[in-house]
There are 2 protein chains.
Amino acid sequence: MPVGIDDVARAAGVSTATVSRALSGRPDVSASTRQRVQAIAVELGYAPTPSAVSLASGRTRTIALLTPWVSRWFHSNVIEGACRSLRAAGFGALLNSFEVHEDATRPPVNLEVLRRRVDGVLVAGMTMSPAEVAMLESLRVPLVYVGSGPPDQVLVHIDDVATARRATEHLLALGHTRIGHISGYPTEPTPWASEVERATGYAEALRAAGLEPEPELMAYGRFARPGGRASAAELLDRVPDLTAVVADSDEMAFGVLDVLRERGLRAPDDLSVIGIDGHPLGDLVGLTTLAQDAIGLGETAARLLLEMIGGATVERQVVFPTTLLARDTACAR
Amino acid sequence: MPVGIDDVARAAGVSTATVSRALSGRPDVSASTRQRVQAIAVELGYAPTPSAVSLASGRTRTIALLTPWVSRWFHSNVIEGACRSLRAAGFGALLNSFEVHEDATRPPVNLEVLRRRVDGVLVAGMTMSPAEVAMLESLRVPLVYVGSGPPDQVLVHIDDVATARRATEHLLALGHTRIGHISGYPTEPTPWASEVERATGYAEALRAAGLEPEPELMAYGRFARPGGRASAAELLDRVPDLTAVVADSDEMAFGVLDVLRERGLRAPDDLSVIGIDGHPLGDLVGLTTLAQDAIGLGETAARLLLEMIGGATVERQVVFPTTLLARDTACAR
DNA sequence: TTGAAAGCGCTAACAC
DNA sequence: GTGTTAGCGCTTTCAA
């Protein structure tokens, strides 16, 4: 029942080798033969068996999408964007998501499952340990990182240092001087993790304004709303004269607003809040934020990956701009 | 460099067949041989080549995830849940998302790309045309639908009729009599589409209260916020005595709130609003809604699919409950 | 430009 | 319980 390459070959009166060449668009086939073979393939409803193609050619027309979550705003949008590019190229995406514990430790990801299974890997919003990076590289397939990644790798991202600096400067310009920072994970040792870079940007802005970043102004919200809430509560309790806060993600900023509501406080009157992301629902609460184009990041990253798979050399870093959406949650002191 | 099955066979002093049997856990191998082979496989870092396994066995240990979007709340959570089950079973997910046009017409999905590529298919929050359903069935692999699907298929979902009825009843109980309904796509002909069922539930509730559902009370928001906004504007303009509205999704309800804000109106004072979904950010605006467990739906659906792939027969329908989250956007007339 | 034939790395009858 | 062997359905040299 399933029609194979030799059914096509027989019907076309050529060898299977010629069918293979004709259908995969290789140059050394006469135009007339190619047309005939293509017509017959369509007529017979022939489609190559992926595993046979992979086994024989070593190519899979599939890439791996590595991500810690799929339902968070950043990640789902990066995936959405990546799918767009992949679809256009007829590539599939093998979704690999990982259990992330509250303390940021994931079970060391077993990337062996990817070996010989994909033509490339897209790492989305995930800080890999050096061991994992090494493992990935041993796959010997093109690699693209989205959001953050080792500096010597192909990376599509925003400028995290500049973005956090800008967020902080926005608050400084409004006259705030006691500004908290809600970061990701407290123990993240990877220097290129976005939270580490954002902390740098925050500190740079403060210093440029003649202020010293103090440990008591730092809290860690693990990029999610509950963490944002806990961090805000912590900062509010610890720093009585706190007037503003920079959250490394909008979801954490929502958590900050939760605490304010619970305590009968209001943004921006009692606390100015600025987030990073441009979550589409931020406007529901008038969240001031620095917006990034996560879909665009994913789309671009997948496109680069496909080019690399095609043998091209691509620019090492693509930096996306960030847009200030000045809304209601930040105001002058 | 890549270690193959015969490297293991040689090192263990057995045949490749035995290695295959030992490693894939088949019964007819002596315990001692199995242990030895396993130890050597680990030592050598052997992992079977997926395409070779698939080609020889016909199994892929991969399922297809069909979804129109990945960044929408419902879909990303279903996917997240499905990934959890799949990960536990060592299965991969091939993500297939589709371009959906504003008018709900998608390019007829070419599911040929799935043939021989997956062991099963999970259809998430996507109304398939009869032709697509037929195509899917011709794949001859287990199929599970999440959200909505043909009644004779395995389906994991909420009771859409009952949920919409309950939402409408909630408003009726508050004294509302002019209640609008913001549905999905205006031209959806598939009887089992959630929006069709929800429209039924809405109508049932009205009739039970002695009211007649009127066409002028219906609008179509395509399940997204912009559509919800347009629908609300339309209803508000068309029905001067409108006092409440049921939105088929929380994202559309957010759009309704947008319009109210733009017009200087407020919920629930000027219009009571109730959504369906339980979007985690609904509480930011106090959205009253009927919540469903999208992650649970995905997790369960994937689990069922895996069981079916394993040869088991599973219950045809799994119906998840829905929870009323009575918050601020709905009040007595 | 085309064909013949040797694999790609594994599984599954079948035989022992 | 284990080995032998014939494929699985393609791609890709190599010859012609």
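A, B, ... follow the sequence lines: proteins, then strands. Residue 1 opens every chain.
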Quiz item: Should Ser30(A) be listed as having a side-chain N or O under 4.0 Å from OP1 or OP2 of dT1(C)?
Solution: no
Quiz item: Starting at CD1 of Ile5(B) and ending at P of dC8(D), how long is that distance when rounded to a whole Å?
Solution: 18 Å
Quiz prompt | Phosphate OP1/OP2 of dC10(C) contacted by Thr16(B) side-chain N/O (<4.0 Å) | solution = no
Quiz item: Is there a side-chain polar atom (N or O) of Ser15(A) under 4.0 Å from OP1 or OP2 of dG3(C)?
Solution: yes
Quiz prompt | Electrostatic pair Glu307(B):Arg303(B) at N-O distance under 4.0 angstrom | solution = yes
Self-check item: Of the listed nucleotides dG9(C), dT11(D), dT11(C), the one nearest the side chain of Arg59(B)
Solution: dT11(C)
Exercise. Answer with base, sugar-phosphate or nothing: what part of the nucleic acid does Arg34(A) contact at a heavy-atom distance below 4.0 Å?
Key: nothing
Quiz prompt | Student check: side-chain heavy atoms of Ser20(A) and Ile5(A) closer than 4.5 Å | solution = yes
Exercise. Would you indicate, yes or no, if dG3(D) has its OP1 or OP2 atom less than 4.0 angstrom from a side-chain nitrogen or oxygen of Thr18(B)?
Key: yes
Quiz item: Distance check: side-chain N/O of Ser20(A) vs OP1/OP2 of dT11(D), anything under 4.0 Å?
Solution: yes
Exercise. Report yes if at least one side-chain N or O of Arg117(A) is closer than 4.0 Å to OP1 or OP2 of dG9(C); otherwise report no.
Key: no
Self-check item: Short side-chain N/O contact to dG9(D) OP1/OP2 from Ser51(A), under 4.0 Å
Solution: no
Quiz item: On DNA chain C, nearest-nucleotide positions of Arg36(A) versus Tyr46(B): which is more 5'?
Solution: Arg36(A)
Quiz item: Within less than 4.0 Å of OP1 or OP2 of dT1(C), is there a side-chain N or O belonging to Arg26(A)?
Solution: no
Quiz item: Base, sugar-phosphate alone, or nothing: which one does Thr33(A) contact when heavy atoms must sit under 4.0 Å apart?
Solution: sugar-phosphate
Quiz item: Does the dG3(D) base have a donor-acceptor partner in the side chain of Arg21(B) within less than 3.5 Å?
Solution: yes
